[in-house]
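All values reported here derive from a predicted model rather than from experimental measurement.
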Amino acid sequence: MNRRTTLAAALALTAGFALAGCGGDSAPQLSVSGAYMPQPVDRNMAGGFLVVKNSGGTADKLTSVTSDVAESVTLHTTKDNKMEEVKSLDIPANGELELARGGNHLMFMGLKKKPAEGQQVTIELHFDKSKPLKVEVPVKSGTYTPKNGGSTTGSGGGGGMDHGSMDHGSMQHDGSAKQDGSQHEGSTNGHAQHDAEK
């Protein structure tokens, strides 16, 4: 192999590494938009919705949420018209995780005070790979609907079900309360009835 061939091979190898570096192996780049909490009807619990956008080439997961307004904040999804608590929610590379009515969402359990419309609630999102993000969540009216309709159209979506503004304390969760909170399911019949009364 002569000198010119060796140089050409080295340049090709360097270009290959550069292209590989741009090919989607970058760290997650997360940002949050569209956050809101419908004004809760009581001090037991409230719903929370937002969108986490990942402009990076590596997927991540939302693993937990904390807030000083509630004793705990849990992650939920809706499957077969039932709410189910989950340990994490996927954030795809170059994609987004949507938390919206009728789909994935946050549940604020044991509110320390009842947030009122016009106030803001501070939350901190924790991820598998990325650093935590603090988000100021405005409290909206119980009937507020974002411009995009506030319902998911992909996996876990359940249409425009009004989840955040109803009284979850009156719902039955899988027939009986589970002490460890590992499975938190509830029939969504109450949601439909709530919407019909509005």
Applying side-chain hydrogen bond (donor to acceptor under 3.5 Å, both in side chains), which residue pairs with at least one partner in residues 114-123 are found, sequence neighbours left out?
-> T122-E136
Among P115, P138, S67, the one residue meeting side chain to side chain contact (heavy atoms under 4.5 Å, CB included) with M37 | P115
Run the side-chain contact (heavy atoms from CB on, under 4.5 Å) check on K87 and L75 step by step: do they pass?
-> CA-CA 7 Å; K87 292 184 178 180; L75 309 176; over 6 Å; no
Specify the closest pair of heavy atoms between P38 and G47, including all atoms of both residues, with the distance to one decimal.
-> CD-O, 3.5 Å
Please work out which of the three classes, parallel, tilted or perpendicular, describes the rings of H105 and F49, given edges at 30° and 60°.
-> tilted
Would you find a donor on one side and an acceptor on the other, under 3.5 Å apart, between the side chain of D80 and the backbone of K82?
-> no
From CG (L97) to CG (N54), nearest 0.5 Å = 10.0 Å
Pairs where residues 124-134 contributes a residue and the test side-chain hydrogen bond (donor to acceptor under 3.5 Å, both in side chains) is met, not counting sequence neighbours = D60-S130, T66-H126, E124-H126
Rounded to the nearest 0.5 Å, the OG atom of S33 sits from the CG atom of L50 at a distance of 8.0 Å
Single hit among T74, L125, V135 for side chain to side chain contact (heavy atoms under 4.5 Å, CB included) with V65 | L125
Judged by atom type as modelled, is there a donor-acceptor pair below 3.5 Å linking the side chain of R43 to the main-chain atoms of K112?
-> yes
Does N104 reach the side chain of L62, with side-chain heavy atoms less than 4.5 Å apart?
-> no
List for me each residue that meets ring-ring contact (aromatic ring centres under 6.0 Å, His included) alongside F127, sequence neighbours excluded, and say none if there are none.
-> none
Looking only at heavy atoms, which two atoms of F108 and A70 are closest? And how far apart?
-> CB-CB, 4.0 Å
What are the two closest heavy atoms between L89 and L99, and how far apart are they?
-> CD1-CD2, 3.7 Å
Validation row: L133, V52 side chains within 4.5 angstrom (heavy atoms) = no
State, with a plain yes or no, whether a side-chain heavy atom of M109 is found less than 4.5 Å away from one of E71.
-> no
Nearest-0.5 Å distance that lies between atom CD in E84 and atom NE2 in H76 = 9.5 Å
Shortest non-hydrogen separation from S26 to G57 and the atoms involved = OG-N, 2.9 Å
Shortest non-hydrogen pair, G102 vs T78, comes out as O-CB, 3.7 Å
Determine, step by step, whether L30 and I91 satisfy the side-chain contact (heavy atoms from CB on, under 4.5 Å) criterion, reporting the C-alpha distance in whole Å, the side-chain angles of both residues, the deciding distance to 0.1 Å, and the verdict.
-> CA-CA 9 Å; L30 305 182; I91 309 169; 4.1 Å; yes
